[in-house]
Amino acid sequence: MLDIKLIREQPDLVRAGLRRRGDNPAQVDAILALDERRRALIKEVEVLKAERNVVSKEISKLRDAIEREAKISAMRVVGDRIADLDRQISADEAEFNRLLLWLPNLPHADVPDGSTEHDNVVVRVEGEPRQFDFSPKPHWELGEALGIIDFERGVKLSGSRFFVLKGAGSRLQRALITWMLDLHTQQHGYSEITPPYVVKEEVLVGTGNLPRFGENLFRIEGADLTLIPTAEVPVTNLYRDEILEASDLPIFHVAYTPCWRNEQMSAGRDVRGIKRVYQFDKVEMVKFVTPETSYAELLTLVANAEDVCKALKIPYRLLKLCTADLGTATMKYDLEMWAPGVEEWLEVSSCSNFEAYQSRRANLRYRPSPGAKPEFLHTLNGSGLALPRVMIAIMENYQQPDGTIVVPEVLRPYMGGAEVIG
RNA sequence: GGGGAGGUCGCAUAGUGGCCUAGUGCGGCGGUUUGCUAAACCGCUGUAGGAGCAAUCCUACCGAGGGUUCGAAUCCCUCCCUCCCCGCCA
């Protein structure tokens with residue numbers, strides 16, 4: 001959510017930002033009109049409420065029955081008028097909030113302009129793609145042959161785009177999760193969180209998934225709860241409606257959770273393998289920081305995610321996303337690992353700064369100094385990393401001619417010392 | 001799931017229709033006193049919105065939302081949450 005004061009005082013700046021993202025700038029005018037009317041009504045009703053408070057106090061002291069009755073009936077009229085105005089104000093406020101919650105974040109000035117994902121900028125490529133002296137297989141062939149991924153039984157249980165991991169496949173994923181959590185908690189200063197995997201609607205509003213991006217969510221029937229699409233949602237909302245001390249910041253959390261995304265995509269797209277599925281596991285990093293530090297923190301967040309790629313020794317590239325691909329962030333970097341079997345770059349991490357956009361929605365505040373007024377803090381998050389695609393990258397990069405897979409060195413202590421899967 | 005007790009200012013508590021501009025204690029901040037610390041005493045102490053250059057003032061907030069009333073922390077309704085007992089259960 002944007003600051004209404006910013007919209008009031010610099011509407012042109014907001015319109016320009018919306019235009020850069022390809023969003024409708026006229027939203028600003030609807031919000032401003034409603035804001036003005038709302039404030040005029042508040043002014044009017046507050047005068048009446050002040051009057052009623054004073055006269056009600058007088059009534060309690062009046063002994064003269066006639067005078068008393070006259071004031072009571074006068075206040076009855078005032079009370080009716082107040083009720084009318086309050087009704088109008090709450091209707092205006094509901095609409096005002098609806099429009100404000102719909103409004104996206106504004107891109108940072110340093111974000112490249114663009115209209116599609118093709119306008120994203122490759123910042124750098126790290127690592128040399130392995131030269132194969134045989135034709136590398138896609139992970140679904142390797143996984144089925146090794147008996148570590150079972151697609152058919154996944155479909156039998158839950159339908160298409162669900163899968164079952166077995167044996168060394170399960171073990172590899174569990175090793176990755178544990179290793180990544182250890183890396184971020186022991187080397188990068190994050191503290192671990194295990195949140196609920198279902199959340200209330202207001203929590204999804206807090207991160208910005210609702211109302212605008214609700215079409216991909218799995219809702220629990222009959223429970224007013226939704227399965228989380230990412231750990232970002234519960235973890236970012238951890239301190240909602242709280243006022244933190246400046247000395248508490250920065251707070252870095254890391255959480256492993258399953259994630260559910262009911263992606264509405266064309267039936268033929270990415271159906272093979274585990275690249276695009278309805279349920280997957282992910283380790284997520286979330287930062288709560290003071291406003292002046294958030295862009296420096298974004299860079300270290302990216303570096304923390306890159307460390308995972310480097311330690312696994314898998315080639316990857318860093319992308320700076322353009323204005324069309326920002327979601328609700330002001331600035332976003334993606335990490336993509338090279339997968340030689342499917343011959344594509346796989347998005348394994350997305351690192352975003354939201355500035356105060358989520359803080360305002362979730363009411364996440366801190367006190368800059370003792371006694372000072374509370375201010376909204378800045379939130380960031382980044383995958384560190386998303387499991388199925390890292391699994392793909394490991395399987396396809398570390399495969400051998402006989403279809404076995406070498407276990408990356410850093411994972412071996414987490415795999416009971418195993419050096420090869422197969 | 002059944003029965004009972006509750007949710008009030010950072011914490012603890014008082015408050016059953018107007019004396020509540022929510023009292024008191026603790027904590028916190030400032031001051032007086034003081035060789036230092038402590039004690040004692042005095043003052044201050046939330047959030048949001050609005051008016052004003054400012055001092056300051058107004059409005060709302062006693063779990064949430066409705067209702068009754070000239071007036072609600074207090075009465076009524078619905079919901080949420082916490083604690084205790086019983087049942088069930090990983």
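Basis for what follows: all heavy atoms, side chains included, without hydrogens, waters or symmetry-related copies. Just so we're clear, the structure is a prediction, and the values are computed from it rather than from any experiment. Sequence lines set the chain letters: A, B, ... in the order given, protein chains first and strands last, and positions in each chain run from 1.
Distances shown here put every side-chain N or O of K43(A) at or beyond 4.0 Å from the OP1 or OP2 atom of C58(B). The phosphate of A48(B) (OP1 or OP2) has a side-chain N or O of K373(A) nearer than 4.0 angstrom. In this model, the phosphate group of A60(B) is approached by a side-chain N or O of N53(A) to a distance below 4.0 Å at OP1 or OP2. Taking side-chain N and O atoms only, R38(A) has no distance below 4.0 Å to OP1 or OP2 of G50(B).
Distance check on atom P: G1(B) versus U59(B) gives 44 Å, rounded to whole Å. When the C1' atom is used for both C75(B) and U69(B), the distance is 10 Å, rounded to whole Å.
Ring-plane geometry between Y295(A) and H108(A) is classed as tilted, the angle between the planes lying from 30 to 60 degrees on a 0 to 90 degree scale. Taking the six-membered ring where tryptophan is involved, the planes of F163(A) and F151(A) are tilted, since the angle between them lies from 30° to 60°. H188(A) and H184(A) have tilted rings, their planes meeting at an angle from 30° to 60° on a 0 to 90° scale. Ring geometry for F218(A) against Y278(A) counts as perpendicular: the plane angle is over 60°, on a 0 to 90° scale with 30° as the lower cut.
As the counterpart of G28(B), C44(B) is assigned, both hydrogen-bonding distances of the Watson-Crick or G-U wobble pattern falling under 3.5 Å. Under the Watson-Crick or G-U wobble criterion, with both distances below 3.5 Å, G23(B) is paired with U13(B).
Residue R52(A) is in sugar-phosphate contact alone, with no base atom involved, counting any heavy-atom pair closer than 4.0 Å across all strands shown.
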